[in-house]
Amino acid sequence: MPGYGEDPEWSDIVPLPQDDGGPNPLAAIAYSDEYSEAMSYLRAVMAKNEFSERVLRLTEDIIDMNPAHYTVWLYRAKALFTLHKDLRKEFDWLNPFALRHLKNYQIWHHRHTIIEALASDLDEKSPKIDNMIREEQDFLDRMFTKDAKNYHVWSYRQWLVERFNLWDCEEEREAVDDLLRKDVRNNSAWNHRYYVVFGRPNAPKNTTEGHVLMQREINYAEAAIRIAPQNQSPWNYIRGILSHFQQPLSNIKSLASEFASLEKPDEVKSSHALDLLAEIYKEERQLDCAGKAWDLLAQKYDPIRSRYWMWKKEQLGTAAA
Amino acid sequence: MVDRFWVRQESLSAPFTLPALYTSLPPLRDSLVTESSRLLDQTAAECMPYLTLTKFKTRDLNSHGLQKLRRARHIEFANDSLEELPGYMVVLDASRPWMGYWGIAALSMLRVDLVEEGYRERTVDTFRACQNESGGFGGGHGQYSHLACSYAAVLSLVAVGGEAAYETIDRRAMWRWLGRMKQPDGGFTVCEGAEEDVRGAFCAMVLCSLLNLPLELPPEEMDRVGGDGTLLSGLGEWISRCQTFEGGLSDAPNHEAHGAYAFCALGCLCILGPPHETIPRYLNVDNLLSWLSHRQAVPEGGFAGRTNKLVDGCYSHWDGGCWALVEAALASRGFGGSSSLDSLWDREGLLRYILCCAQNEWGGLRDKPSKNPDGYHTCYNLAGLSWAQNYHVWNAEKEDIDMTAPLSAPFSWSTTEKPDLPCDEEDRVAPMHPIYVIPHEKATEARNYFLNRVGF
Ligand SMILES: [Zn+2]
């Protein structure tokens, strides 16, 4: 491919060469000639705020060489909007690109910008919106087959839920269920479930409806705890739920006692259950028992955190005062 | 797979006793195997020969039987990371300010004299080319200004210090640009048209406090942002929305709790005021403590970023740095006073992970033994070493700086060495400021310079 310098289409542009900063700059990069030239043309078109077809091709070329270049992504988005391009076509290259560059996160902000623009041009009830959402969900599921804990993909998924009101959408909970069935320790999936169920505006609190929901979710987490009691995710999930509903931890005392008990200090199956039990004792003002449970954690079941467990025990003294 | 190492450990004839705590798998393990547990086990197996010292020659060990800090090789690695990089590293083209900061900070921690080594001019020249007339620094010449790049640029300039470095920064333009990044909900976007996240908030507060920028909004942003008309408006409340049901903090409300974002959030709160005031005002401290404690991995001793994720050397800083700030916040609850505890986390565990698992034999530090070292992991493992080796206390009485100006709280920290760790004097890195992650005196010098400067 001939360079921009020989291309008659670009002959009107005077490239702006890079200033790395002085004779001995920090961490300068020995750019390839191709990258260096493309960037010089980008600086030149950005300086005169040009948005055109050739600028789109230029941004694609640079992103191909360096997908982590946030400036180019943002400039490309501006160009797409200024030129009133058919934004759906953007996904033709964006999707395979995302699957090739799993760690890249600029792409997810770009996607967000494009979907937002597409949606704001459509009526909220248009079937096209439903289609678009389904395509997004399918694509995200594909991304998760490659990396089920990708932070930026999950953040994007949350935005999608909020933007398109997917709180009651079966696909959302199913997608999470699927991932948790594959790996019950996927904390990102637990976080998403919490968001879908309790993150909605006006999520039910202490109403009958709220309590049904609370019980359903506690049951869900309980089932997960039974297959792997040392997995912290469902324990955190339950504690989050009880705190959302301002319920005492003693609601789940029998669950905690199944996996940890002071009567059988040699048969503890979960350090999380034991900590929870200690907290429940504290709630019930049985401070001695709480202290014993934290001792057990410090000395036997979770010694790396012994100082933390001892701190909690010490704080009982201030609670008693 | 993992159990094979027991044999090795028993047959090891090293003259050092290996504490079981740092060489045994967690006492409670579930039998169910999933992708997460497979990776966790694999990582434990990968680290075990390093934790049990079978990988080292006796001459590599310090007087306590841990691998020595390979200081000279890390200095060489950090110096090299600031030289010209090969063309295939072009994906770092928008992260050159970061590369600069990681190298400069690493060298500071390794006690290299930056001025003597010629870094002042190079730093000034490099960042002059990244600054935009409309305010802020971008990833390189002609790139949009970005809060992370501005953070890295300003910290590097402050770390090399001196008038030429300070005067490189166009503070008036920086202030106006920060005004444009400020959002009506209290947070900051990282770049014009880009995402709003807690990195943005933290970086903005680092810039405001070090450079002593005015806190009122530029007049042209008043109507758009609303609130009380300052850059701080709604910020603490926005940070508090980033605390998740797990107790940790995420990059933006409702996302998953994550060590790097927790550090940014806590750092931001500790710039807004004294740690024991702002942290409990905006966060549930008990939940935070629970989440943070559980990030320390067994048996590796290092930290992971999220629940059920793997230990990784860079979290030595992100999570370890949280501990420095959180311990100071607990002073009001008796920590450092009536409490019998000198620490709430296992400093020796982290020390062992960094010295034994995270050091590359030929220089540079890494995520875990199977990964190559890089500038990012070198900087943040060394910072983690500093958090493990020192106590960090917030103390209202300071003589070297005027504490009446706004955002003075971050200039009241002091650091003292923690004794009784299995490391020798040569394994110790320089004390660092727990929020700015540069030497204390460098932060104070810059603050004083800008406090005494009349006008912009
Ligand atoms: Zn890392």
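All values below were derived from every heavy atom in this structure, side-chain atoms included, with hydrogens, water molecules and symmetry-related copies excluded. Letters A, B, ... mirror the listed sequences (proteins, then strands); counts begin at 1. Remember, predicted model here, so these are calculated numbers, not experimental data.
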With a 4.5 Å heavy-atom cut-off, do B:E195 and A:W108 have their side chains touching?
no

Could you report the tightest heavy-atom contact between A:I29 and B:L92, atom names first, then the distance?
CD1-C, 3.9 Å

Contacting moiety of B:P97, where chain A heavy atoms sit under 4.5 Å
neither

Contact origin within A:Y151 toward chain B - heavy atom pairs under 4.5 Å
both

Using non-hydrogen atoms only, which part of B:F335 is less than 4.5 Å away from chain A: side chain, backbone, both, or neither?
both

Under a 4.5 Å heavy-atom cutoff, which of B:A194, B:A257, B:G193 has the most pairs with chain A?
B:A194

Look at A:D19 together with B:R128 and state whether they make a salt bridge at an N to O cut-off of under 4.0 Å.
no

Counting heavy-atom pairs under 4.5 Å with chain A, which one of B:E35, B:R306, B:Q296 comes out on top?
B:R306

Is it the side chain or the backbone of B:E192 that comes within 4.5 Å of chain A heavy atoms, both, or neither?
backbone

Parallel, tilted or perpendicular: which one describes the rings of A:H272 and B:H294, with boundaries at 30° and 60°?
tilted

Per-residue tally against chain A (heavy atom, under 4.5 Å) across B:N254, B:L82, B:L32 peaks at B:N254

Which answer fits B:S31, side chain, backbone, both or neither, if we ask what part of it has an atom under 4.5 Å from a heavy atom of chain A?
neither

So do B:Q143 and A:Y70 actually touch side chain to side chain, heavy atoms under 4.5 Å?
yes

What part of A:M310 is in contact with chain B, defined as an atom under 4.5 angstrom from a non-hydrogen atom: side chain, backbone, both or neither?
both

Which bit of B:S95 is near chain A, if near means a heavy-atom gap under 4.5 Å: side chain, backbone, both or neither?
neither

Please tell me whether B:N308 and A:S233 have a donor and an acceptor in their side chains that are separated by less than 3.5 angstrom.
yes

Under 4.5 Å to a heavy atom of chain A? For B:P26 that would be neither

What I want to check is whether the side chains of B:T307 and A:Q232 have a donor and an acceptor closer together than 3.5 Å.
no

Less than 4.5 Å to any heavy atom of chain A: does that hold for the side chain of B:V298, its backbone, both, or neither?
side chain

Tell me, for B:S156 versus chain A, whether the close heavy atoms (under 4.5 Å) come from the side chain, the backbone, both or neither.
neither

Identify which part of B:Y101 has an atom lying under 4.5 Å from any heavy atom of chain A, answering side chain, backbone, both or neither.
neither

Need one label for A:Y35: side chain, backbone, both or neither, based on atoms under 4.5 Å from any heavy atom in chain B.
side chain

Part of B:C191 within contact of chain A (heavy atom distance under 4.5 Å)
side chain

A:S270, part contacting chain B, at a heavy-atom distance under 4.5 Å
backbone

Quick one: what part of A:Y308 sits under 4.5 Å from any heavy atom of chain B, side chain, backbone, both or neither?
both

When only pairs under 4.5 Å are counted, which of A:M46, A:K149, A:R239 shares the most heavy-atom pairs with chain B?
A:K149

Flag the one option from B:R96, B:M99, B:E84 with the top tally of heavy-atom pairs under 4.5 Å to chain A.
B:R96

Atom CG of A:L26 and atom CZ of B:R122: how far apart are they, to the nearest 0.5 Å?
5.0 Å

Out of B:E83, B:M89, B:E348, return the one with the most heavy atom pairs under 4.5 angstrom to chain A.
B:E83

With a 4.5 angstrom heavy-atom cut-off, could you sort out which part of B:V124 is near chain A: side chain, backbone, both or neither?
neither

Is chain A contacted by the side chain of B:D251, its backbone, both, or neither, given a heavy-atom distance below 4.5 Å?
both

For A:R43, is it the side chain, the backbone, both or neither that has a heavy atom under 4.5 Å from a heavy atom of chain B?
side chain

Counting heavy-atom pairs under 4.5 Å to chain A, which of B:A129, B:S36, B:G87 comes out on top?
B:S36

In terms of heavy-atom proximity below 4.5 Å to chain A, should B:L40 be classed as side chain, backbone, both, or neither?
neither

B:S81 portion near chain A, given a 4.5 angstrom heavy-atom threshold:
backbone

So which of A:V72, A:N231, A:N236 has the largest heavy-atom pair count under 4.5 angstrom toward chain B?
A:N236

Under 4.5 Å from any heavy atom of chain B - which part of A:Q18:
both

Any donor-acceptor N or O pair under 3.5 Å, side chains A:R305, B:S293
no

Just wondering, do B:S340 and A:E314 contact through their side chains at under 4.5 Å, heavy atoms?
yes

How long is the span from the CD1 atom in A:I304 to the CG atom in B:L21, to the nearest 0.5 Å?
5.0 Å

